[in-house]
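Written below as structure tokens is the structure these notes are about.
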2 protein chains.
Amino acid sequence: MDDRKQKVLLAIVQDFIATAEPVGSRTIAKKYKLGVSPATIRNEMADLEEMGYIEQPHTSAGRIPSVRGYRYYVDYLMKKRELTREEEELIRSQLATKARDVGKVFQRTGNLLSQLTSYTSMVLTQQRRPSKFKYIQLVPMNPARTMVIVVMDNGAVHHRMIETPESIIASDLETLSKVLNAKLQGLNMDTIKFTLLKELYYELGRHKHILDLSLELIQDSLFLEEDKIYLGGVFNMLTQPEFQNAEKIKTMLGILEQEELLCELLSDENLDKGVTVRIGDEIKDCDIKEYSVVAAPYMLSGRKIGTVGVLGPTRMDYAKVISVVDFLTKNLSIALDRVLRGRGR
Amino acid sequence: MDDRKQKVLLAIVQDFIATAEPVGSRTIAKKYKLGVSPATIRNEMADLEEMGYIEQPHTSAGRIPSVRGYRYYVDYLMKKRELTREEEELIRSQLATKARDVGKVFQRTGNLLSQLTSYTSMVLTQQRRPSKFKYIQLVPMNPARTMVIVVMDNGAVHHRMIETPESIIASDLETLSKVLNAKLQGLNMDTIKFTLLKELYYELGRHKHILDLSLELIQDSLFLEEDKIYLGGVFNMLTQPEFQNAEKIKTMLGILEQEELLCELLSDENLDKGVTVRIGDEIKDCDIKEYSVVAAPYMLSGRKIGTVGVLGPTRMDYAKVISVVDFLTKNLSIALDRVLRGRGR
DNA sequence: TTTTAGCACTCAGTTCGATAGAGTGCTAAC
DNA sequence: GTTAGCACTCTATCGAACTGAGTGCTAAAA
């Protein structure tokens, strides 16, 4: 691929990204001044088509990049784009705003992402390392009800209201909490042994009912660790010209409603470091040919705990999206440290 | 409005709800056997149009119900529709399934609702009564970090991780928790007095940092009580024939992205008891003319704590939607009692 | 007086052909 | 190797003609 072919390919990709219309030889010659006539460019375009980098929707239309063309663009031709002051400032300030909980932070991240790119944003939180039991507390709410609170070592807090017999008094609950805390500290799904449970029931047999329910919550907490995904800017993306017709929109929304699919998209192992771009059918085994995903992981104290991604048409502004995703994940990691670890409040 | 006119109106509404096509006089004469000829029905239709119950999209089209026509149908003509065994069973079993938390229950309610109606479902949770502080616990997570957990008397649990100096030991945290619990029990936003806080700082001055952060979380918990809305089945609704063209879909999604608007729709005071139907522009001050909302409140121990609603085109199957919403809210109230009050687990 | 058959009329939607315009590929000249 | 020129292809658009659903009106029938 010689220098001029690269220039032509670059022009085609850039123009198509900007206009969403097939690009003709005349347009390139006029707009991108390669110093040659349309005829020459036509020759180059014929070559590029033969090589598989561009294609023609129909005979009398201009060319559009193929998946391979986009790939070449992203890998070799694209110039990195810096965010503007304002954009960086927006991200920083949004992430620095005090958040009530982690969920809010993720929500905000998604909004930022789609606002800056005008595509759909996805934020996946993963719980890869099995967590351990940290702490339990039984809080009497009123004579007949008790709140069970379980804290896991990864910072998750689960709670559930249970019904308790009126005969139970606060000090009983206190004792129960104490014993459970002492016995179960640091255990996970695999290390909770049957003999240990037997011991517990022996010791706390009087309150079997509460013990049952408490252990149930603990077990659920150890077990039920779902990934969660936050979506943002779906409506935003519909302003893109590819969504003129109803069918396209429906297909898109159909994809977005399959949460498991999206989770899979983002939990690919290749995504572990840095920004990853997958274009069209490069996305493994699913027919979202006309879309691309730009994703990157975010960290908490050096460990990957989730992935941020942008889903948009293959004709997306890769340069911009990549820089936004990159900058955002880095700042998200910092923000999470602040919220979850309590630094710098 | 004589008997035959009512029958004609009923036929028009029913047919239009079923087919989404304007209804002509011939169709009515054939399908609904009123025992008269199309010409007679045409005369009746002309009258009904003059009275404002139906309208004509254009000269050579059939008639469609006007907002007023739908209203008359809902108020006087519609026969109540019972749910099938299967539908009731589905609702009961879905709501009886063990849920990890309340959010899951609402999510499921929404899914049920849209699944059974094929429109969009909305579940609003309201926090009208200001809650009171119930309990606080400081849990040491590791040498440098502590988890603050706050329980409110309405069953809400808030938590936040804070950074603590290494010098603090577990028993300090225990003391702090105890004192805070003793002093603040049962207080709400209005009754927390300055003198009380001063007292606290005097007593616990050594740990000012932790005290600050703990009180901050308590304050946030008392203050930040947002309504939350769960949406479901957006994609589902797009199968309706009104969403053939892209513009309609976009408008719809535009509405659905305005959470505050939806919250307002559902927090109307008139909704306090039973199922309410608002058709087209009956919905106050917002231009969602082409849509209707069917809503009903749900309760927890006799107190209204939220609203369930269905949003769909004015041409919605009111009979079905109303019965689903009715049955569902009743069962939701029961399910919530079970989850939140711990009954019958 | 009410109902109905008949008929002229209206209007949206569809089909078809003509036309315009964008863009190409090829050829021959530069 | 580059370019001007030209024939060719194909889509999109526009309008005319046509179709069919449905109406309103009138006059006859019940």
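Per chain, numbering begins at 1; letters A, B, ... match sequence-line order.
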- Query: Think B:S25 has a side-chain N or O under 4.0 angstrom from the OP1 or OP2 of D:dT23?
  - Reply: yes
- Task: Measure the OG1-NZ distance between A:T314 and A:K289 for me, rounded to the nearest 0.5 Å.
- Result: 12.0 Å
- C:dT4 phosphate, OP1 or OP2: any side-chain N/O from B:R26 under 4.0 angstrom? no
- Rounded to whole Å, CD1 of B:I54 lies from C1' of D:dT23 at a distance of 12 Å
- Item | Of the listed nucleotides C:dG25, D:dA21, D:dG24, the one nearest the side chain of B:S60 | D:dA21
- Message: Just verifying a value: how many Å separate B:M237 CE and B:M252 CE, rounded to the nearest 0.5 Å?
- Response: 4.0 Å
- Task: Measure from CD on A:E49 to P on C:dG23 and round the result to the nearest Å.
- Result: 15 Å
- Message: If I take atom CG in residue A:D15 and atom C1' in nucleotide C:dG23, what distance separates them, rounded to the nearest angstrom?
- Response: 14 Å
- Starting at CG of A:N43 and ending at P of C:dT24, how long is that distance when rounded to a whole Å? 11 Å
- Message: For a quick check, tell me whether the side chain of B:T59 and the base of C:dC11 share a donor-acceptor pair closer than 3.5 Å.
- Response: no
- Task: From the options D:dT2, C:dA12, D:dT23, select the nucleotide whose nearest atom is closest to the side chain of B:M45.
- Result: D:dT23
- Note on the structure: Rounded to the nearest 0.5 Å, the CD atom of A:E87 sits from the CG atom of A:L328 at a distance of 11.5 Å
- Would you tell me if any nitrogen or oxygen in the side chain of B:R63 comes within less than 4.0 Å of OP1 or OP2 on D:dA21? no
- May I have the distance from B:Q56 (atom CD) to C:dT10 (atom C1'), rounded to whole angstrom? 10 Å
- Query: To the side chain of A:R42, which of C:dT24, C:dA5, C:dA12 is closest?
  - Reply: C:dT24
- Message: Which is more 5' along DNA chain C, the nucleotide nearest A:G62 or the one nearest B:P38? Just name the residue.
- Response: B:P38
- Rounded off to whole Å, could you give me the CZ-to-P distance for the A:F16 and C:dG23 pair? 13 Å
- Counting just side-chain N and O atoms, does B:T40 come under 4.0 Å of either OP1 or OP2 of C:dT4? yes
- Message: So, applying side chain to side chain donor-acceptor pair (under 3.5 Å) with A:S25, which one of A:R63, A:K30, A:R42 is it?
- Response: A:R42
- Length of the line joining B:D47:CG and D:dC25:C1', which is rounded to integer Å: 15 Å
- Are side-chain N/O atoms of A:Q14 and A:Y73 paired as donor and acceptor at under 3.5 Å? no
- Message: Expressed as a whole number of angstroms, how long is the span from B:H58:NE2 to D:dG24:P?
- Response: 13 Å
